[in-house]
Undergrad: 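Take a look at this one; I'll ask things after.
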2 protein chains.
Amino acid sequence: MVKLQKSVDKRNALIKATIELVNNNGFHATPMSKIAKMAHVSPATIYLYFENKQDLVNKTYIDVKTAYTNYAFANYNEDMSVKEGFEFIWKRIADFKLNECEHAMFLAQCDNSPMIDEQSRKEGIKHLQPLLDLWERGKKEGVIKPMSDYLLYAYAINPLSFLMMSEKRGAIKLDQSQIENAYQAAWSSIKIAPI
Amino acid sequence: MVKLQKSVDKRNALIKATIELVNNNGFHATPMSKIAKMAHVSPATIYLYFENKQDLVNKTYIDVKTAYTNYAFANYNEDMSVKEGFEFIWKRIADFKLNECEHAMFLAQCDNSPMIDEQSRKEGIKHLQPLLDLWERGKKEGVIKPMSDYLLYAYAINPLSFLMMSEKRGAIKLDQSQIENAYQAAWSSIKIAPI
DNA sequence: AAAAAAAGAATGAACGTTCATTTTTATCTA
DNA sequence: TAGATAAAAATGAACGTTCATTCTTTTTTT
């Protein structure tokens, strides 16, 4: 049997340090030496786990994006009605963005800067399929507005990133009632209004 | 009389170069030497116009943010009804984000990374007041949902940033009918639904 | 005892900023 | 107005530092 060479713990520590340092300083102001220090590892050791700095940050991005979508769709099943399913997924995503905000901040920074390879970006989008399927069904049933997935995402999901950043920056504090407001805003932006 | 020393053109060229290079490479991967080259100026000259690199990027941020809000509120007047006023401002902002996308991209990157001083960030928010006033009026009239300004902004305005980035990345192409869809989504997310 | 993993020190390139000098502009004088 | 002079603006080269990455050696594991 080919044993698991190299420790998974060390890799995780490196990913974790990368997230924290990039959140606070940005990609290019985060030296490998600091990442190494925070992960209690020699700079040279990083290169046993990752090809180079760009590879490290790409892999970190994919890791975090995967954690995000795994969280979002955990316990979701397709038997739910479109409205129920959307509320379920939306609230999971809200949970993730507001509780795991280190991860969410990292994604927000990656998604708005040229620091990630186009390929890793594409890789990260894949995992959103269940939500896109739900929307497709919603459009067929006449429950969801017949708009492109990007428009639906822009209004139903993406605002959570803005709210998370605002909260992280101390501009607002999101309590339960505001999250409920946000959900209602999200739903009313994409649902087809009753006549 | 103290004449206008130093050329305004040169300052503008530096700001323009900063926007373009930061958009393509990020703040820390944009060397002063490249900014200088693109502005047809010696590196040392930059320091006659700005204190240092951080100051240059802060000033650029404020410049662009000001241009953004100036554009958004040009020709707006408070006599309009809340619905009319919102549509007017929204469409101006959409115009700006989709046509002046170099500027909009720069703002999006600044707003999601630690590259800007907290103080310059605050400075940039100020100019949004007319929109906040409109929303205040809308809430009083029972036309706009009684939510915090951050929530309203998150759903009514911020999605345009996401759409602009997606278009810039080549993922979508926004035609007039999609912009109209986006407007309807924005409005339905914040308006109070008829009973 | 051999192989794999990890380490710290070393390397060369790139960066922000400053320095010494030159070029341009404005002011003054005859 | 022409020429001289001073001040301001601009420059290219240089400095000291920092960084990603590699090299050589040591430690750990098999």
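For the numbers below, each heavy atom of this structure counts, side chains included, while hydrogens, waters and symmetry mates do not. So that the names make sense, note that chain A is the first sequence line, chain B the second, and so on, each numbered from 1.
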Undergrad: Between A:Lys10 and C:dA6, is there a side-chain N or O to OP1/OP2 distance below 4.0 Å?
TA: yes
Undergrad: Between A:His28 (NE2) and C:dA14 (C1'), how many Å, whole number?
TA: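 After rounding, the gap between these two atoms is 13 Å.
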Undergrad: Between residues 38-46 of chain A and DNA chain C, which residues have a heavy-atom gap below 4.0 Å?
TA: A:Val41, A:Ser42, A:Ala44, A:Thr45
Undergrad: Once side chain to side chain donor-acceptor pair (under 3.5 Å) is applied, do any residues pair with B:Asp117, and if so which ones, sequence neighbours excluded?
TA: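 B:Asp117: side chain to side chain donor-acceptor pair (under 3.5 Å) contacts with B:Asn58.
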Undergrad: Check the distance between D:dA20's C1' and A:Asp55's CG and give it to me in whole angstrom.
TA: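 Taking CG of A:Asp55 and C1' of D:dA20, I get 14 Å after rounding.
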Undergrad: How many whole angstroms separate atom CG of A:Leu48 from atom P of C:dA6?
TA: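 Taking CG of A:Leu48 and P of C:dA6, I get 6 Å after rounding.
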Undergrad: With side-chain hydrogen bond (donor to acceptor under 3.5 Å, both in side chains) as the rule and sequence neighbours excluded, what pairs involving residues 21-30 of chain B come up?
TA: B:Asn23-B:Glu102
Undergrad: In this structure, how many angstroms lie between the P atom of C:dC15 and the NZ atom of B:Lys37, rounded?
TA: 10 Å
Undergrad: Can you list the residues that meet the ring pair (Phe, Tyr, Trp, His ring centres under 6.0 Å) rule with A:Tyr61, with sequence neighbours excluded?
TA: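 With neighbours one apart ignored, the set is empty.
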Undergrad: To the nearest Å, give me how far apart NZ (A:Lys34) and C1' (D:dT21) are.
TA: 18 Å
Undergrad: Would you mind checking if A:Arg169 and B:Asp111 are paired as a salt bridge, meaning a charged N to carboxylate O distance below 4.0 Å?
TA: no
Undergrad: Return the value, rounded to whole Å, for the distance between atom CG of B:Asn52 and atom P of C:dC15.
TA: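 For the pair B:Asn52 CG and C:dC15 P, the rounded distance is 17 Å.
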Undergrad: Considering residues at least two apart in sequence or located in another chain, which fulfil the ring pair (Phe, Tyr, Trp, His ring centres under 6.0 Å) criterion with A:Phe162?
TA: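 Ring pair (Phe, Tyr, Trp, His ring centres under 6.0 Å) check on A:Phe162 returns B:Tyr153.
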Undergrad: Is B:Arg92 positioned over the aromatic face of B:Phe73, cation under 6.0 angstrom from the ring centre and no more than 45 degrees off axis?
TA: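 No cation-pi geometry.
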Undergrad: Just how far, in rounded Å, is C1' of D:dA20 from OH of A:Tyr47?
TA: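 It is 4 Å, rounded to the nearest whole Å.
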Undergrad: Does B:Tyr49 put a side-chain nitrogen or oxygen below 4.0 Å from OP1 or OP2 of D:dA10?
TA: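 So the side-chain polar atoms of B:Tyr49 do come within 4.0 Å of the phosphate oxygens OP1 or OP2 of D:dA10, strictly under.
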Undergrad: Rounded to whole angstroms, how far apart are CZ on B:Arg11 and C1' on D:dA10?
TA: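 Distance check: B:Arg11 CZ to D:dA10 C1' gives 18 Å.
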Undergrad: Residues two or more places apart in sequence or in another chain: which of them pass ring pair (Phe, Tyr, Trp, His ring centres under 6.0 Å) with A:Tyr150?
TA: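 Checked A:Tyr150 against ring pair (Phe, Tyr, Trp, His ring centres under 6.0 Å); zero matches.
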Undergrad: Could you please name the option among D:dA10, C:dT17, C:dC15 that lies closest to any side-chain atom of B:Pro31?
TA: C:dC15
